Every structure is written in structure tokens, then in C-alpha cells.
Q: 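Would you mind keeping the following structure in view while I ask a few things?
As the structure is a prediction and not an experimental result, all values here were calculated from the model.
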Amino acid sequence: MAGAAEDERFMAAAIRLSLRNLGRTATNPSVGCIIVRDGIVLATGVTALGGRPHAERIALAEAGEGARCATAYVSLEPCSHHGKTPPCAEALIAAGVARVVISVTDPDERVAGRGIEMLLAAGIAVDTGVLEAEGRRALAAYLMRQVNNRPYVTLKLAVSSDGMVGRLGAGQVAVTGPVARRQVHALRAESDAILVGIGTARADDPELTCRLPGLEERSPVRIVLDRDLRLPLSGKLARSARAVPVIDIAGEPASEDAADAAFEARRAALDAAGVEVLQCDPRRLPELLQGLASRGISSLLVEGGASVAQSFLDAGLVDRIHLYTGAAPIGEDGVASPFVSDVMPAGFTRRRTMRFGADLFEEYERDDACLPAL
Ligand code: AOF
Ligand code: ZN
């Protein structure tokens, strides 16, 4: 009989394993599964790219006959529904496992406890809630969309040593070094979508793709808050819209006919460039996020600028902050960051601090970000 410490050790491994495909299984969560017998790991599985097969199926296939009388550790309750694949709970029962240890129960209404019920009805021992806080953190994006009907929002800010995010009218200003930049690209690869304001889109002309070798295909959907449809057709975003989707969030057109006609012409031009124009008042963030969730976007990375960051903070819609502080000052004409290291908005707790070259990286988490009611 495995003790609590052993359960936690194997569950930690299952959760860690799940992170491998984070952001690459949409709209399915990335789940980790480890099959253990007599304290020995027989097989491991993580939800496959694209979301299927599920983690349990992969681990069971690898374990083969060895799964009989074994314990399966899964970061999420095994599914009970006949979706695109038969239920994992059924597969665990058929394989003859003796015990299933679960971190987080699945809020998907097709599952919601029924996976556990199926296992129990088949005489399998089930334990839940093992390393639940860690499990929820790994599944935060999935849980946020399932439970709160919005994506999990990460706000990323790169701030100079004097607390500035950029220089007025100067275009892109390099605040951090190459190591931090690679880290940001890795975060982009984990995110379903990335969002900037039109000010940043125009001033910086960013591409917002992931350019890490091997992860280029993991570029997120790019979203611009662009009330008046001012996204330039000659910019990198519009020019690359056929390769990586761009969604332009426009407001309502002005009421006068002439203005309407200009708005419609800009919309048609963006449309022809392959940019999708979505009409939703960019100031109504909760509504906007709900719309993104209904398109299957579970994780959103907000990358600038200062006023967009501030409006997400004001709306209480930031779950996690990635703050990079560079070594050099920006000085004159600097645009102030909404916050700087150690002077964070209330309700956030620092979880990690690291150095990337000369840059400081800090991760802050909203105190209740991983605890939506299940
Ligand atoms: C598991 N193991 O690895 C994952 C699960 O569209 P389907 O049929 O693939 O079902 C999607 C649902 O399956 C998803 O909403 C969630 O409830 C569950 N994901 N379940 O047993 C896994 N990724
Ligand atoms: Zn499943």
C-alpha cells in the first residue's frame, strides 16, 4: 500500500509530465498519467498534441499487461464520456488497475465526478485531491475556461531599470536581453492567444509569433484591440495574417454615414488581407474574454502596452504577471509601467524570481487565480 508521501511523489511527476504538452492540446487540457506497480514506474502518458489520445490511453498502451493490479496517477479525473475517444475510466477498468489517484476532478459537465463513480462501481480504489493546488496550477487555463468561461490571463511586462515600458514615439525599445526574450517566446508557445493594443501594434510593429526553433508552429492567435480599425495593412501583423491568424477587435462604427463608409472600407481591406474583424467594444473586457473562450481560447497572453495592461488590471482580469526588469534605464520620454518589481497590485503573490542574464524575472499569481469553484 503506497503511503501519502509516495502518492505525492508520483503525482508530482504526473503533473510535471502534463506540462510537456501545455498549450498544444487545445481545447483539451494537457493531462499527465503515470502507471506504477510496487513502487516502480511502468509507463507514462501525456495527452497527445491536438488533444487525443488522452494521457491514460497512452500510458495503458505502454504498460500492457503490467497495468493489472497497478496504480494509475492522473493529474485530472479520467473521462467518463464517449467523446472523440471511448472513456478513459472504461480503459482503466478493462486494464485491471487496482487503484487510481487523481489530483483534480474534471469540471467538464460530461464528466464532473462520473469518471470517479465508474471506477468505484468497478471496485477500483480511488483517491482524489492529491497535490490539488499544483494540479490546478498546471490545469489553470483549462479550469478557467470551463468554470469561469474566460481564458486564463497572463500579463507580461518588460520594464526598464527606471520603471518604464517604452519611449513615446520611439517604436520598439529593447528592455531585456536575449535570454529573457527566448523565455517570452516560450510563453507565447504555451498560450492560445496573444493580445496587444493598437498603440503597441502601430508603434512597435510587432510580429507576436513564437520564433523558437521547433516551436514556430505554436504561434498563438494574435489579437489587437483596435476600436477604430487603425491596424496598418503594411504592418507585420496584417502581412502575416494568412500564416498565423490575426483577430482585430473593433468597436462600433461611428454613427455618421461618412464615418461609417470609411470604417467599412477599412474593414473590407483588413478582411481582404486575411485579418478577421470582430466587433466587440474593446473597453468591455469581460464580454470580449467570454467571446474568446467560446472560440476555444483557454490561455491569453497580454503583451502591451501600458494602458492595455492597466485596463486588464482595473477589470480584475489578470491571473498571473510575468515581470521582466532590465538592467538599463529608458530615461527621457519614458512611458511608465503600471507597476514595478516589489510594488505590485494588491492580491498578487510572488511565486518565482529568476535571473536571465542581466534581467530579473518575477512571476506573480493572483491569490485566487487557480481556485475557481469546481
Ligand atoms: C482524460 N484524459 O488526457 C484528457 C481529458 O473531445 P474529447 O473526447 O477528447 O474530450 C475532451 C474532454 O476530455 C475534456 O473536456 C476533458 O473533460 C477531458 N480531457 N480526459 O481522461 C486526458 N485530456
Ligand atoms: Zn479520457
Q: Tell me whether Glu77 contacts the main-chain N or O of Asp106 through its side chain, where contact means a donor paired with an acceptor under 3.5 Å.
A: yes
Q: Given Ile34 and Val36, is the side chain to side chain contact (heavy atoms under 4.5 Å, CB included) satisfied, shown in steps?
A: CA-CA 6 Å; Ile34 292 192; Val36 175; 3.6 Å; yes
Q: For Gly163, is there any backbone N or O sitting under 3.5 Å from a side-chain donor or acceptor partner on Ser337?
A: no
Q: Kindly say whether Gln290 contributes a backbone atom to a donor-acceptor pair with the side chain of Asn149 at under 3.5 angstrom?
A: no
Q: Given Val308, which partner from the list Val196, Leu313, Leu195, Leu155 fulfils the side chain to side chain contact (heavy atoms under 4.5 Å, CB included) test?
A: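 Only match with Val308 under side chain to side chain contact (heavy atoms under 4.5 Å, CB included): Leu195.
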Q: Would you say Thr154 and Arg320 make side-chain contact, with heavy atoms under 4.5 Å?
A: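 SC-SC contact between Thr154 and Arg320 confirmed.
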Q: Could you please spell out the steps behind the side chain to side chain contact (heavy atoms under 4.5 Å, CB included) verdict for Thr71 and Ile35?
A: CA-CA 6 Å; Thr71 298; Ile35 297 178; over 6 Å; no
Q: Are Arg295 and Glu276 within salt-bridge range, i.e. N to O under 4.0 Å?
A: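 Between Glu276 and Arg295 there is a salt bridge, with a charged N closer than 4.0 Å to a carboxylate O.
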Q: Are side-chain heavy atoms of Leu288 and Leu225 found at a separation under 4.5 Å?
A: yes
Q: Is Thr200 reaching over with its side chain to a backbone N or O of Gly305, donor-acceptor style, under 3.5 angstrom?
A: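 Flag set: sc Thr200 to bb Gly305 pair under 3.5 Å.
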Q: What I'd like to find out is whether the side chain of Thr176 reaches to under 4.5 Å of the side chain of Phe361, using heavy atoms alone.
A: no
Q: Side chains of Pro86 and Arg57, heavy atoms from C-beta outward: is any pair under 4.5 Å?
A: yes
Q: Backbone N or O of Leu168 within a donor-acceptor pair of the Asp333 side chain at under 3.5 Å?
A: no
Q: Is there side-chain contact between Leu187 and Leu301, with heavy atoms separated by less than 4.5 Å?
A: yes
Q: Quick one: closest heavy-atom pair of Ser341 and Arg350, and the distance?
A: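 That would be OG-NH1, 4.4 Å.
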Q: Quick check: closest heavy atoms across Glu190 and Ser299, and the distance to 0.1 Å?
A: O-OG, 3.6 Å
Q: Any donor and acceptor pair, going by atom type alone, linking the side chain of His185 with main-chain N or O of Arg211 inside 3.5 Å?
A: yes
Q: After noting the C-alpha distance and the side-chain angles of Asp108 and His81, does the key distance pass the side chain to side chain donor-acceptor pair (under 3.5 Å) rule?
A: CA-CA 10 Å; Asp108 186 313; His81 65 289; 5.5 Å; no
Q: Do any N or O atoms from the side chain of Arg145 and from the backbone of Pro151 form a donor-acceptor pair under 3.5 angstrom?
A: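 The answer is no, because no donor-acceptor pair under 3.5 Å joins these two groups.
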Q: Do the non-hydrogen side-chain atoms of Val221 and Ile223 ever get within less than 4.5 Å of each other?
A: yes
Q: Any non-hydrogen side-chain atom of Leu229 less than 4.5 Å from a side-chain atom of Arg267?
A: yes
Q: Given 3.5 Å as the limit, does a donor-acceptor pair link the side chain of Arg202 with the main chain of Arg230, or not?
A: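 Yes, the answer is positive, given that a donor and an acceptor are paired below the 3.5 Å cut-off.
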Q: For the residue pair Leu92 and Leu119, establish whether any side-chain heavy-atom pair is separated by less than 4.5 Å.
A: yes
Q: Could you tell me which non-hydrogen atom of Ser30 sits nearest to which non-hydrogen atom of Leu139, and how far apart they are?
A: O-CD2, 3.9 Å
Q: Any salt bridge linking Arg99 with Asp7? Criterion: basic side-chain nitrogen under 4.0 Å from a carboxylate oxygen.
A: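 The answer is yes: the pair qualifies as a salt bridge.
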Q: Report, as yes or no, whether the 6.0 Å neighbourhood of atom CZ on Arg52 holds more than 12 heavy atoms from other residues, nucleotides or ligands.
A: yes
Q: Measure from the side-chain N and O atoms of Asp319 to the backbone N and O of Val153, and report whether any donor-acceptor pair falls under 3.5 Å.
A: yes
Q: Counting only N and O atoms by type, is there a donor-acceptor contact under 3.5 Å from the side chain of Asp226 to the main-chain atoms of Ile249?
A: no
Q: Nearest 0.5 Å, what's the CG-CD1 distance between Leu76 and Ile15?
A: 11.0 Å
